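Sequence lines set the chain letters: A, B, ... in the order given, protein chains first and strands last, and positions in each chain run from 1. Bear in mind the structure is a predicted one, so any value in this text is a computation, not a measurement.
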Protein chains: 2
Amino acid sequence: MIMKDVIFKYERPGIAVDVVLFAIINNDLKVGLIKREDEPYHGKHALPGRFVRYDEKIEDTAKKALEIKGNIDQSDILLEQLYTFGQDLERDTRIRTISIVYFALVDFEKIKRQEGNKLLFESVHSLPPMGFDHKSIINFALERLRNDIWTSDFAAALMPKEFTLTELQRAYEIILNQNLDKRNFRKKILEMNILKKISRTKREGPHRPAQIYSFKS
Amino acid sequence: MIMKDVIFKYERPGIAVDVVLFAIINNDLKVGLIKREDEPYHGKHALPGRFVRYDEKIEDTAKKALEIKGNIDQSDILLEQLYTFGQDLERDTRIRTISIVYFALVDFEKIKRQEGNKLLFESVHSLPPMGFDHKSIINFALERLRNDIWTSDFAAALMPKEFTLTELQRAYEIILNQNLDKRNFRKKILEMNILKKISRTKREGPHRPAQIYSFKS
DNA sequence: GCAAAAGTGTTGTAGATACACCCATGT
DNA sequence: ACATGGGTGTATCTACAACACTTTTGC
């Protein structure tokens, strides 16, 4: 009984937040990783993460992880809870750890010039050797991204403020990893009524200039 | 620095699992609650829950919570992770607690005669005063139930092994809290190809007997 | 005037909704 | 024979997929 109380009070599992941060870079979907400098998994890549402090809200832990590892301002990103992984007792070889994983999206243009950014953006299609169970977590996050891309504000979080419909379509194609029909894409996205025209066009080649749009509100 | 290490090592937040267990009873959707005997929220109702032990997988914590509070055998229930609530630092007034909430479904017939069941099943439409933030958690779970009822195996988990299509339709109506068209319901559910006919019928009134079905596999 | 991307309209199909009648039984 | 719930078929509409041509520009 006394033993149980000791376990209860002092041997709580560790609780960490890891963040899967996606961005579109060079026509590819990439995820922000750190290269581990400590054991376990020294030298392997991993998701940016941080232990939850006693008086810290878990979403703030996620924001802080991004701030410290990527010097990324919270206001630039979409952050949403993904899933809590706590099955594998050997997940972290130091202590038993439960990991609350957050899903994050950012427009890479907003962060690429940040000083102190330790994040390495790697293509989801060719991930480097990953520590922990982070590879499967990234795939889990990717499923969420693809499932919800049409019904969420995910696209708005990944795009710059202004863009053409072709650029937006390209983003959808990169995320879904498949080509989309131009006419159907435009019909669908415009009928969703989430875009507004900007009274400017983008000239960029020997062809008709493109109308510029942005997301509403 | 030393102070931080102390916090890191010893003052981990508490981590609990709470379970939202739904069952259909008397043509109503009910949720299994306990009446709290301790502070905080003494006398109020709450979700069955349990602190995660150091060497316990979180899903096992959920199963154990149901076993202890409801004497419910794990094999009878569908259990799935719902969401992790850890924003409200004042959620539990004893220590800072993060709650991983599981979503569970059971056929009430399987458990109603269990000895040692402390669970009180209350209608989701008239919940008693609830402790913690459990009322909003139940509503969150209810949304998940309604959203996924057509594309998951939720219905199979709530129904007895054998049933008529009218009984199944009634279950959907109770969950969705709306009436469904008989012809369309049957067409849809049969085209989903998840049911198999049992070569028996159910006679129960001055009318044509109903074909009995069960879920496949 | 030609190359190159922007921009648009129609048709077919599949899934959802709405709705009305016959069937098998107990009394 | 009648009351009761079990069981089915058809017309309509709507969302999505497939597909081809005209427009505006730079050179």
Compare the minimum distances between each of [options] and the side chain of [X], then state the nucleotide with the smallest one.
X       : options                  : result
R208(B) : dC23(C), dT8(D), dA6(C)  : dC23(C)
H207(B) : dA6(C), dA20(C), dT4(D)  : dT4(D)
N184(A) : dA18(D), dA20(D), dG6(D) : dA18(D)

Can you measure [X] atom [atom1] to [N] atom [atom2] for me and round it to whole angstrom units?
X       : N       : atom1 : atom2 : answer
I189(B) : dA16(C) : CD1   : C1'   : 15 Å
L190(A) : dG9(C)  : CG    : C1'   : 14 Å
N193(B) : dG15(C) : CG    : P     : 13 Å
E167(B) : dG5(D)  : CD    : P     : 14 Å
F185(B) : dG9(D)  : CZ    : P     : 18 Å
R186(B) : dC19(C) : CZ    : P     : 19 Å
R200(B) : dG6(D)  : CZ    : C1'   : 18 Å
W150(A) : dA17(D) : CH2   : C1'   : 13 Å

- Heavy-atom distance under 4.5 Å between the side chains of H125(B) and D28(B), does that happen here? yes
- Heavy-atom check, side chain of L119(B) versus side chain of I72(B), under 4.5 Å: yes
- The residue among F215(B), Y172(B), F103(B) that forms ring pair (Phe, Tyr, Trp, His ring centres under 6.0 Å) with F154(B) is F103(B)
- Side-chain donor/acceptor contact of K188(A) with base of dA15(D) under 3.5 Å: no
- Task: Could you tell me whether the side chain of K187(B) has a donor or acceptor atom within less than 3.5 Å of a complementary atom in the base of dT10(D)?
- Result: yes
- Note on the structure: Nearest-nucleotide check on DNA chain D, Y213(B) vs P206(B); residue mapping nearer the 5' end is P206(B)
- Between D181(A) and K182(B), which is nearer to the 5' end of DNA chain D once each is assigned its nearest nucleotide? K182(B)
- Task: State whether the side chain of Q114(A) and the backbone N or O of G70(A) hold a donor-acceptor pair below 3.5 Å, judged by distance alone.
- Result: no
- Message: Please tell me if R183(B) has a side-chain N or O lying less than 4.0 Å from either OP1 or OP2 of dC19(C).
- Response: no
- Task: Return no unless some side-chain N or O of T166(A) is found under 4.0 Å from OP1 or OP2 of dA6(C).
- Result: yes
- Hey, which of these two, P209(A) or R203(B), hits DNA chain C nearer its 5' end, going by closest nucleotide? P209(A)
- Task: Look at all strands and tell whether T164(A) reaches a base, only sugar-phosphate, or nothing, counting heavy atoms closer than 4.0 Å.
- Result: nothing
- Query: What is the nucleic acid contact for E204(A), judged by heavy atoms within less than 4.0 Å: base, sugar-phosphate only, or nothing?
  - Reply: nothing
- Should K64(A) and E67(A) count as an ion pair when the cut-off is N to O under 4.0 Å? no
